[in-house]
Amino acid sequence: MKRTRVIVLLAAAGFLAFQCRQMTIYAASDGSPSSPSASQSPQPQENAGSASPGATAYGEHCAICHGDNREGNLPAFPPLLGINRQMSDQQITDLVRSGKGRMPGFPKLRQEELNALLQFLSTSNSPTPAPNGNSSVASSSLSEAGYGLFRQNCAFCHGRDAQGGETGPDLTQSRLVRRDVGGDRISEVVRNGRPEKKMPAFHFSNQEIYSLVAFIHEQQAKAASRPGGRRGVEVADLQTGNIEAGRRYFNGAGNCVACHSPTGDLAGVASRYEGLQLEEQMLYPRDVKNRVTVTLPSGKQISGTVAYLDEFTIALRDADGNYHSWAVGKVKYKLDAPVNAHVDLFGKYTDDDIHNLMAYLQTLR
Amino acid sequence: MKSLRHRAVLAAGVLSGLAALPHLVLSQNLNPAELLHPSADSWPGYHGDYSGRRHSHLTQITPQNVGKLSLAWAFQTDQTALIKSSPLLVDGVLYFTVPENIWAVDARSGHQLWHYTYPPSPGDHIGNRGVGMYKGWLYFTTPDCYLVSLNAKDGTVRWKVEVADVKKGYWTTMAPVVVGNHIIVGVSGDLDNLTGYLRSVDPETGQTQWQWDSTPPAGTPNSTTGGMTWIPGTYDPSLNLLYWGTGNPTPVLNGKVRPGDNLYTCSIVALNPDTGKLVWAFSVSPHDTHDWDAVEVPVLVDGTFQGEPRKMLMQASRNGYFFVLDRTNGKSLLTAPYGPVNWTLGVDKEGHPIPNPAKEPAPDGRLIAPDEGGMTNYRSPSFDPKTGLFIVDAHPSYSIYFAKPADGAYGWAGADYGLWGKGVIEAIDYRTGKIRWSHEVGAGGSGAGVLTTDSGVTFTGDGYGNALAFDTATGKTLWHAGTGAPMQSSPISYELDGRQYIVTSSGGVMFAWVLPQSSILASGTASPAHTRP
C-alpha cells in the first residue's frame with residue numbers, strides 16, 4: 001500500500017509540473033502564436049491593405065481587449081481610435097509599459113515595436129470597404145446604422161431627421177457640425193454631453209460614433225439642398241427689431257450700460273456670434289464664470305472663480321489656477337455674479353425689447 | 001381518543017400559524033387587494049398606492065434621527081442608462097427597470113435574483129418608469145411598444161402583445177397600472193401627428209379590453225392629434241374612477257392648424273376603469289403651443305377646502321400652474337402659478353389658464369416662462385396630510401420659442417431653446433396655492449421626485465447628486481449623501497425586518513438607506529411589523 005501511495009504522489013507532482021509548462025497564447029484576432037513576454041519581428045507584408053508593423057503589434061498585444069478595429073468593448077475595455085488626441089506619445093508609452101488596473105503592462109516590448117504601435121495608434125480608422133471595393137455603398141450602410149442609433153438615442157431631442165425636436169437644436173444648422181471633420185467635434189459632444197444644456201453623455205464605441213457622424217453629415221447635406229423646408233432659426237428670422245429703440249433700451253430701461261460697453265467688451269460682438277447664438281448669449285451668457293471671495297476662520301480671504309458650489313461645498317480656482325474647497329459651514333463666502341442681472345431682466349422684457357436689442361447688437365461688428 | 005386530539009391540535013396549530021404568517025406562504029405573488037391597502041412591507045405599484053400622494057405612514061425615521069441615516073446596500077446595474085423607474089417591493093424582492101432591462105433584487109442583501117433583457121429594439125429609449133404586478137406576473141413596456149408579461153419568480157416571458165405601432169412613431173415607457181383585472185397601458189409619440197390613448201389589457205391573456213383615445217383620429221379636419229399618456233395615473237376605488245393626465249397636442253409648436261381647446265390634450269381625465277368611458281375631463285392647457293404635457297401625477301387627497309370636506313385631485317402641471325379639482329366631477333377649486341409664468345392673460349372663472357396669443361411661437365421668437373421642460377416634469381410630487389403641503393420639485397425657467405410657416409404642420413413644427421433655469425423644492429399650501437417654503441436645489445434644475453413620511457421627513461435630491469432629507473414643516477436640510485449622479489427618479493419607502501428603508505436611485509445605481517441598528521434600539525421607535533394605513 002505504501003508503494004501505491006508513493007506512485008500516486010509522484011504522478012500528482014509530475015502532473016502539476018506538466019501543467020506549469022510554458023503555454024503559447026493565441027490572440028483572438030489572428031491565429032498566429034506569440035509568447036507573452038518576448039516581442040516578435042514584424043511579419044513581411046505581402047498583400048495590399050495588410051498590416052503595417054504597428055498594426056501587427058496591435059493585433060498581437062492589444063486587439064484581444066481593445067478590439068480588432070480599436071473599437072473597444074465597453075465598459076471594461078476602452079476604444080483606442082483617436083487615442084493620440086487624448087494622450088501624448090509619452091503617456092501612451094508609460095501606460096503600455098506599466099499597465100493600469102485590469103490592463104497588463106508590457107515592460108519587455110522593444111522600443112521599435114512600441115514606436116510602430118504609436119504610429120499605428122495615430123492613424124484614423126476609415127470604414128472597411130465593401131468586398132466589391134465600392135466605398136459609397138459602405139458609407140451609406142454606415143449612415144443607415146447611424147440612423148438606427150440616432151432614432152433610439154437622439155431623435156427625441158434632436159428630431160428623427162436631426163432637424164430639431166423636444167429640446168435639442170437643429171443639427172443641420174449647427175456650426176459645430178459644419179466644422180466637424182470625420183467626427184472630431186461631434187464625437188466630443190456625444191461623449192461628454194452638454195450638461196449645462198441637459199444633453200447627457202453617451203458611451204458609444206467609436207464605430208457607433210462614426211455611424212452617427214455619417215448620418216448627421218448626410219442629414220446636413222440633405223437639408224442644405226432643400227431650402228425653406230428646415231425647422232430651425234436662421235439669421236434672417238431675427239431681423240424684426242429697431243436699431244434706435246434697441247440703443248435706447250441698452251442705455252435706458254435695460255441698463256446694460258451698467259456692465260457693458262459697445263466700444264469695450266461688446267465691440268465686435270456680432271462678429272463673434274450671429275443669429276440665434278447671439279440672441280441666446282444676449283439673453284443669458286451661459287459660459288460666464290462667477291467669482292467668489294471666501295473668508296476663512298482666521299480672517300484670511302481668498303478670491304477666485306467659482307469651481308463648484310452646492311449646499312455643502314464651495315470651491316474656487318485662484319489666480320494661479322490652484323483649486324481650493326471648503327465645507328460651506330466652516331467658512332463665509334460672498335458671490336460676485338453680475339450675470340444675474342440677465343436673470344432679473346427676464347421678468348421685465350417685452351418681446352419687442354428683445355428684438356430691438358438684437359437689432360442694435362448686430363450693428364456691433 | 002388521544003391521537004385524534006393531538007392531530008386536531010396539530011392541524012389547528014399549523015393552520016393558524018399559516019394564517020398568521022401569510023408572507024411566508026405566498027412569494028413573488030401580489031394579491032390585487034394589496035394594491036388597495038398596501039402593507040408597510042410593500043410598495044406594490046409605481047406610486048406605492050393608488051392615491052399618488054407618495055406619502056409613507058412609517059415613522060421609524062424622524063427629523064431627530066435622520067441625520068444618522070446610512071447605507072444598507074447599493075446595487076450597481078453596470079450599465080449607463082439612467083434609472084428613472086420607481087422600484088416595486090413585493091415579498092422582500094425589489095423590481096426596477098431601465099429601457100429593455102428588469103432587475104429583481106433581494107431587498108435584504110441588495111443582491112440580484114435575476115436580470116431580464118429585452119432584445120435590442122427600435123423606438124425611443126428615453127426611459128422606463130418600472131413594472132406593474134398582478135399576482136405572480138410582471139408587466140413591462142418596451143421602446144417598440146410591446147407589453148411583456150413575465151414570471152416574477154425568474155423573469156421568464158409568458159407572452160408579449162403589441163400595444164402601439166412603433167413604425168408610426170409611437171414608443172412606450174410607462175409603468176403599467178393594475179386596477180382589478182385591468183392592466184392599463186399608455187403610449188408616447190411626439191414627433192409625429194399621432195393619437196394618444198389608454199388601453200386596458202387582460203392580465204392573463206394580454207387581450208385588449210378597451211381603448212380610450214385622447215383625440216379624434218389623425219387627419220380629422222381642423223382637429224388635433226397628440227395627448228400621449230406616458231405617466232402612470234391614479235385611482236379612487238370608492239368612486240371607481242381612473243385619473244390620468246394627457247400630453248400636448250401635435251403639431252407641437254404650430255397651433256394655427258388646430259384651432260380651439262384641442263380636447264383632450266393637456267387634460268386631466270377621469271375614466272371608468274372597467275369600460276374606458278370618459279366620465280369627466282378638465283383642460284389644464286387649452287390650445288397648448290409649448291409642449292407642456294399635463295401628464296404629471298394627479299394626486300388624490302381627501303381633506304377640507306374652504307371649510308368643506310372635499311375629495312380632491314391636485315396636479316402641479318408642466319405649464320407652471322398648480323390645480324386643485326373636485327375629483328368627483330372635475331370642477332376647479334383652485335388654480336395658481338407656482339413659479340414665473342408669462343404666457344397667459346389670466347385664469348378664467350372655470351379655473352382654466354387663458355393662453356395669450358402673443359406668446360405663441362413666432363418666426364422671430366417669443367420669450368416664454370417656463371421652458372419646454374416645464375415648471376415640473378415626470379418626477380413625482382408628494383402630499384403631506386399633516387401639514388397640508390404639496391411638495392414638488394419645481395423649475396423656474398425661461399426659454400425662446402420659434403415657429404414659422406416653413407416649419408410646416410407635422411411633428412415638432414418649430415424650435416425652442418432653454419435659456420436659464422434652476423431647481424427649487426417648493427411646499428405649496430393646497431388651500432391657498434401659496435408657497436410656504438422653498439429650498440433651492442441647483443442651477444439648471446434637479447430631476448428628483450419627492451417622498452414624505454408621517455414622522456415629518458421629506459426625501460428628495462438636488463441637481464448635484466446629493467440625496468437629501470428635509471424637515472417637512474420647514475424645508476431645512478437634516479441629512480444628505482453625495483451619490484455621484486443626480487436622482488432621475490422618485491424615492492420609495494418600506495419596512496422590512498423591523499427597519500424602515502428609503503430607496504433612491506441615481507445614475508445606474510440603486511441605494512437603500514436605513515438607520516444603524518443601534519440607533520433603532522436606542523430610540524425605541526421601531527414601528528409594528530405590519531402597519532395598516
Side-chain angles (χ1 to χ4, degrees), chain A residues 74-75 148 151-157 159-161 163-170 173 195-198 200-204 227-234 236-241 276 279-280 283-284 286 308-313 339 342-343 345-347 349-351 353-355 358, chain B residues 78-80 82 99 120-126 143 169 171 190-192 252-253 291 340 342 358-359 362-367 369 371-373 398 400 402-404 406-408 411-420 422 439-445 462-466 468 477 480 482:
Chain A
L74 289 170
R151 272 190 63 189
Q152 281 179 358
N153 295 282
C154 323
F156 185 73
C157 293
R160 270 205 303 268
D161 50 10
Q163 292 194 329
E166 179 89 5
T167 53
D170 179 349
Q173 300 217 46
E196 72 286 2
K197 293 198 190 187
K198 303 280 188 159
F202 293 89
H203 299 239
F204 292 136
R230 291 192 231 185
R231 265 154 288 149
V233 181
E234 293 167 58
D237 294 328
L238 301 175
Q239 308 306 322
T240 57
L276 177 66
E279 184 162 293
E280 285 177 312
L283 289 170
Y284 188 75
R286 62 179 87 229
Y308 182 78
L309 176 61
D310 70 11
E311 208 174 306
F312 312 103
T313 310
V339 74
H342 285 262
V343 180
L345 275 174
F346 281 138
Y349 287 123
T350 65
D351 288 297
D353 292 333
I354 292 173
H355 301 140
M358 262 297 277
Chain B
D78 281 333
Q79 50 84 53
T80 53
L82 304 176
S121 64
D124 204 317
H125 286 56
I126 190 167
W171 66 88
D190 252 5
L191 303 179
D192 298 271
V252 184
L253 302 190
D291 190 47
N342 71 355
K359 282 300 192 181
D364 60 353
R366 293 288 177 266
L367 183 72
D371 68 10
E372 183 259 317
Y398 286 85
I400 1 174
F402 296 87
K404 58 194 180 195
D407 295 339
W412 209 256
D416 61 273
Y417 302 91
L419 293 167
W420 169 89
K422 64 176 180 177
H439 188 122
E440 307 242 327
V441 284
D462 68 15
Y464 305 103
N466 294 300
L468 300 166
T477 304
H480 79 280

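Here the structure is a predicted model, which means the values were calculated and not measured. So you know, we letter chains A, B, ... as the sequences are listed, proteins then strands, and number each from 1.
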Most contact-rich option vs chain A, by heavy-atom pairs under 4.5 angstrom, among B/Gly365, B/Ala362, B/Pro99, B/Gly482, is B/Gly365
CZ of B/Phe402 to CG of A/Leu238, rounded to nearest 0.5 Å, is 5.0 Å
Between A/His355 and B/Asp364 (side chain of the first, backbone of the second, donor and acceptor by atom type, cut-off under 3.5 Å), is there such a pair? yes
Check whether any side-chain heavy atom of A/Glu280 sits under 4.5 Å from a side-chain heavy atom of B/Leu419, and report yes or no. yes
Say you draw a straight line from OG1 of A/Thr350 to CG of B/Leu367; how long is it, rounded to the nearest 0.5 Å? 9.5 Å
List the residues meeting side-chain contact (heavy atoms from CB on, under 4.5 Å) with A/Thr313, not counting sequence neighbours, and say none if there are none. A/Tyr308, A/Asp310, A/Ser325
Which atoms of B/Asp371 are under 4.5 Å from chain A, going by heavy atoms: the side chain, the backbone, both sets, or neither? neither
Within a strict 4.5 Å, meaning less than it, do heavy atoms of the A/Glu311 and B/His439 side chains meet? yes
Non-hydrogen atoms of chain A under 4.5 Å away: do they reach the side chain of B/Gln79, the backbone, both or neither? neither
Could you please spell out the steps behind the side-chain contact (heavy atoms from CB on, under 4.5 Å) verdict for A/Glu234 and B/Lys404? CA-CA 11 Å; A/Glu234 293 167 58; B/Lys404 58 194 180 195; 3.4 Å; yes
I'd like to verify something: which residue of B/Ile400, B/Leu82, B/Leu253, B/Val252 has the highest number of heavy-atom pairs under 4.5 Å with chain A? B/Ile400
Counting heavy-atom pairs closer than 4.5 Å to chain B, which one of A/Val343, A/Ile354, A/Asp351 comes out on top? A/Asp351
Counting only heavy atoms closer than 4.5 Å, note whether B/Pro143 contacts chain A via side chain, backbone, both or neither. neither
So what's closer than 4.5 Å to chain B heavy atoms on A/Glu279: side chain, backbone, both or neither? side chain
What part of A/Arg151 is in contact with chain B, defined as an atom under 4.5 angstrom from a non-hydrogen atom: side chain, backbone, both or neither? both
Nearest-0.5 Å distance that lies between atom CG in B/Leu191 and atom SG in A/Cys157: 9.5 Å
Heavy-atom cut-off 4.5 Å, strictly under: side chain, backbone, both or neither for B/Leu468 against chain A? side chain
Pick one of side chain, backbone, both or neither for B/Asp124, based on which atoms fall under 4.5 Å of a heavy atom in chain A. both
Which of the residues A/Tyr284, A/Phe312, A/Tyr349 is involved in the greatest number of heavy-atom pairs with chain B at under 4.5 angstrom? A/Phe312
Name the region of A/Leu309, side chain, backbone, both or neither, that has any atom closer than 4.5 Å to a heavy atom of chain B. backbone
Tell me, do A/Leu283 and B/Tyr398 make a side-chain contact under 4.5 Å, heavy atoms counted? no
